[in-house]
Amino acid sequence: MKIRRALAGDLDAVVQLTTAAYAPYTALLGAPPIPVAEDYAPRIGRGEVWLLESSGEPAGLIVLRAAPGPHNDLLRRRCTCLPGQRFRHRPTQMGGRTDAPMHLPEVRLYTNAKMERNIALYKAYGFHETGRRPNPYRPGWTIVDMAKAAQTTAIA
């Protein structure tokens with residue numbers, strides 16, 4: 001497996017990966033999750049999208065950005081793997097491995113409160129819940145904010 005930054009030519013793969021990975025949540029949430037409709041081109045251009053490749057094919061991705069604020073933390077915006085992949089945990093670990101070159105003290109993420117399996121997975125990887133809030137883009141949806149201390153190893 002290889003982890004690398006996404007390039008402009010990877011946009012179609014990023015969209016396809018995201019659509020496939022979030023498909024199971026459409027029924028759970030009653031609508032496609034927000035990441036399915038996002039325009040990833042600007043994020044790729046800013047170097048915020050990382051791809052996980054297996055045998056040279058995109059199999060997962062993570063979207064990271066430095067978050068403004070008093071602590072200048074790393075905010076994980078998306079963490080996605082194709083359904084059925086045996087290495088589903090890798091993008092979860094990726095978020096902790098890209099923070100060292102950014103010199104950021106904490107990794108933060110958010111997810112939908114109905115995605116209980118994801119919340120349990122994040123907790124298993126050391127994240128703790130920091131709060132819940134209404135989703136400003138989808139009335140009736142609740143966001144779960146989570147955080148963990150940054151790790152010191154970096155992606156090669």
Side-chain angles (χ1 to χ4, degrees), residues 1-69 71-85 87-99 101-102 104 106-119 121-122 125 127 130-148 150 154-155:
M1 286 184 279
K2 177 183 173 185
I3 300 169
R4 66 170 179 84
R5 281 188 197 243
L7 304 172
D10 294 316
L11 179 59
D12 287 343
V14 168
V15 170
Q16 290 172 7
L17 219 164
T18 302
T19 301
Y22 281 95
Y25 295 111
T26 298
L28 175 68
L29 301 175
I34 292 171
V36 174
E38 182 168 350
D39 177 6
Y40 287 91
R43 291 197 183 284
I44 291 171
R46 290 190 301 265
E48 296 176 353
V49 180
W50 294 79
L51 286 174
L52 173 66
E53 294 180 331
S54 177
S55 301
E57 295 295 320
L61 68 86
I62 189 165
V63 177
L64 304 167
R65 72 170 174 83
H71 304 293
N72 195 29
D73 300 326
L74 182 68
L75 177 63
R76 270 216 0 234
R77 295 188 56 88
R78 308 280 180 268
C79 181
T80 306
C81 273
L82 288 174
Q85 292 290 351
F87 47 84
R88 284 189 74 97
H89 65 285
R90 288 291 297 222
T92 302
Q93 294 170 326
M94 286 168 55
R97 292 186 181 166
T98 55
D99 53 334
M102 295 177 163
L104 301 172
E106 185 173 67
V107 179
R108 293 183 287 133
L109 64 86
Y110 58 88
T111 191
N112 189 296
K114 290 185 178 179
M115 295 181 175
E116 294 172 355
R117 187 170 148 186
N118 289 3
I119 293 168
L121 179 67
Y122 298 141
Y125 283 102
F127 285 87
T130 60
R132 292 180 181 232
R133 58 192 162 94
N135 186 316
Y137 305 105
R138 298 279 175 94
W141 289 18
T142 301
I143 292 172
V144 177
D145 292 302
M146 302 183 84
K148 78 174 204 170
I155 291 176

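Keep in mind that this is a model prediction, so the values were computed, not measured.
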Sub-4.5 Å side-chain heavy-atom contact between [X] and [Y]:
X      : Y     : result
Asn118 : Tyr25 : yes
Met115 : Leu29 : yes
Glu48  : Leu64 : no
Pro58  : Leu52 : no

Legend entry - Asn135 CG to Asn112 CG distance, which is reported to the nearest 0.5 Å: 7.5 Å
Inset, instruction - Find the distance between OH (Tyr122) and OG1 (Thr111) and round it off to the nearest 0.5 Å. - result: 5.0 Å
Inset, instruction - Mind jotting down which residue pairs meet the salt bridge (Lys or Arg N to Asp or Glu O under 4.0 Å) criterion with at least one end in residues 19-36? Sequence neighbours excluded, please. - result: none
Inset, instruction - Output every pair passing salt bridge (Lys or Arg N to Asp or Glu O under 4.0 Å) with a member in residues 7-24, not counting sequence neighbours, ordered by first then second residue. - result: Arg4-Asp10
On a heavy-atom basis, which atom in [X] and which in [Y] lie closest, and how many Å separate them?
X      : Y      : value
Trp141 : Pro32  : CH2-O, 3.9 Å
Thr130 : Ala147 : CG2-CB, 3.9 Å
Ile44  : Ala8   : CG2-N, 3.7 Å
Pro136 : Ile143 : CD-CD1, 3.9 Å
Met146 : Ile119 : CE-O, 3.9 Å

Legend entry - Backbone N/O of Gly47 and side chain of Arg5: donor-acceptor pair under 3.5 Å: yes
Inset, instruction - Check whether any side-chain N or O of Tyr40 sits under 3.5 Å from a backbone N or O of Pro35 as a donor-acceptor pair, and report yes or no. - result: yes
Inset, instruction - Quickly, which of Thr18, Leu17, Leu11 forms a side chain to side chain contact (heavy atoms under 4.5 Å, CB included) with Val15? Name it, please. - result: Leu11
Legend entry - All side-chain hydrogen bond (donor to acceptor under 3.5 Å, both in side chains) counterparts of Asp145, not counting sequence neighbours: Arg133
